[in-house]
Protein chains: 2
Amino acid sequence: MTGQRAYHHGDLRRAVLTAALDVIGSDGPAALSLRDLARRAGVSHAAPAHHFKDRTGLLTAIAAEGFDLLAATLADADGLRDAGVRYVRFAREHPAHFQVMFRPDLHRPEDPALQEARLRAGDRLREAVTAAVDTGDPRLAGVAAWSLAHGFATLLLTHNLTGPVGDRDPEDVFRALTGMLFGS
Amino acid sequence: MTGQRAYHHGDLRRAVLTAALDVIGSDGPAALSLRDLARRAGVSHAAPAHHFKDRTGLLTAIAAEGFDLLAATLADADGLRDAGVRYVRFAREHPAHFQVMFRPDLHRPEDPALQEARLRAGDRLREAVTAAVDTGDPRLAGVAAWSLAHGFATLLLTHNLTGPVGDRDPEDVFRALTGMLFGS
DNA sequence: CGCCCAATCTAGGCATTGACAAGTCGGTGT
DNA sequence: ACACCGACTTGTCAATGCCTAGATTGGGCG
């Protein structure tokens, strides 16, 4: 995945990715500039293009990495509720990835790495759902679970839950929320 | 709200807004260019700036308009479930507004018009929740309802529900979903 | 050991953009 | 008639994305 040989810089690909995640995390994807990333890495302004082709390519790589990380997190989930909690935790721990992953206008949807990673994450999600739901439509249940976790995570990242959540740990709030809905 | 006097153009403010919504709806906010909007409206490249100050100002105005539209839609809701359905419908009918509304990095959060509109929409949401929920924590119920509707709408707009939803009317799917969760 | 080659990075240039400053134009009120 | 003011134009500058050509380096192969 990161198998780029080191050279002048060492591992420019990783360095640019890390810097990009930093910028996106604090100022959003709109503030991303390839030339700025090059400056941060101490290389010439066109060096990043060699690894990512262009700006869209960089964002696509970030999205793919995000789906991979998410898939790995969900794979270890213990039950559907834990999967949801992990989904929320992922969004908080990797806000930059999360923001880019669900913005199709920012990446190249036909990218193979992105497609595979997205499918992997989707499979993990479906596994968690089918293992937990015994009655009714599992497809619908999947949409419900995903919508709930995704909506909560998104509203959290966009500072729309500062009132209701307050000082409490967001993961606890989410747990309380699922408890209320699914009664357990 | 749109009280700009007509002049050379007629109503440049509205024309730029409409063109911007068009661009965002098809290519996302990243594709937005003030100069392109000026070209579409047939005015000079700096004319839009007179109405919106800068790019961020334009996006802020769009977000404020979006929260106003959402508040108006929610005000007519008949019950909590209908409010959710209306939320999803709003996202589908005004995708450009919806995309911009929940992207804090794209607007000026301290803008008074935006803050007021956001509060209005929040009030409508809280009304719908408190009117429907008689037991338990209404605050938590509000977060649950909002998360569910927002997540569903977001995933829908980002083409992440094409599989489960398929050809069915998304609003029907959402109704089925709430029926499953809240049992009715 | 030495040569070639490909991957990596540099340097320069071009079109486009956002933002700013100054000026022009047209209607309105006095 | 005249001053004023908002709407718009023109010109300019720095920054950016992307393209092309060239330089550097390290490893493979004879």
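Only this structure's heavy atoms are used, side chains among them; waters, hydrogens and symmetry mates stay out. The model shown is predicted, which means the values in this text are computed figures rather than measured ones.
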In this structure, how many angstroms lie between the P atom of C:dG18 and the CG atom of B:Leu58, rounded? 10 Å
Side chain of B:Ala46 (C-beta onward), nearest among D:dC19, D:dT9, D:dT16: D:dT9
For A:Leu106 against A:Thr56, the heavy-atom pair lying closest together: O-CG2, 3.6 Å
Atom CG of A:Asp36 and atom C1' of D:dT16 are separated, to the nearest Å, by 11 Å
I need the NE2-C1' distance between B:His45 and C:dA21, as an integer number of Å. 12 Å
Please give, in whole Å, the distance from D:dA7 P to B:Phe52 CZ? 12 Å
Rounded to whole Å, how long is the line connecting atom CG of A:Leu34 with atom P of C:dC9? 15 Å
Picking from D:dT9, C:dC9, D:dT16, the nucleotide nearest the side-chain atoms of B:Val43 would be D:dT9
Taking the minimum atom-to-atom distance to the side chain of B:Arg55, which one of C:dT10, D:dT16, C:dG18 wins? C:dG18
Could you state the atom-to-atom distance from CG of B:Leu106 to P of C:dG18 in whole Å? 13 Å
Determine, for B:Arg92 against B:Asp169, whether the closest basic-nitrogen to carboxylate-oxygen distance falls under 4.0 angstrom. yes
Interatomic distance, CZ@A:Arg103 vs CG@B:Leu157, rounded to 0.5 Å, equals 12.5 Å
In whole angstroms, the gap separating C1' of C:dT16 from CZ of B:Arg39 amounts to 8 Å
Taken to the nearest 0.5 Å, the spacing of A:Phe67 CZ from A:Arg120 CZ works out to 11.5 Å
Between B:Ser44 and A:Thr56, just flag the one whose closest nucleotide in DNA chain D comes earlier from the 5' side. B:Ser44
Regarding A:Leu32, tell me which of base, sugar-phosphate or nothing describes its non-hydrogen contacts under 4.0 Å with the strands shown. sugar-phosphate
Base, sugar-phosphate, or nothing for B:Ala49, non-hydrogen atoms under 4.0 angstrom? nothing
In terms of side-chain geometry, is the basic nitrogen of B:Asp54 or B:Arg108 positioned less than 4.0 Å from the acidic oxygen of its partner? yes
Compare side-chain N and O positions of A:Ser33 against OP1 and OP2 of D:dG17 and report whether any pair is under 4.0 Å apart. yes
Of the nucleotides D:dC8, C:dG18, C:dC20, which has the atom closest to the B:Arg35 side chain? C:dG18
Separation of atom CG in A:Leu59 from atom P in D:dC18, rounded to whole Å: 10 Å
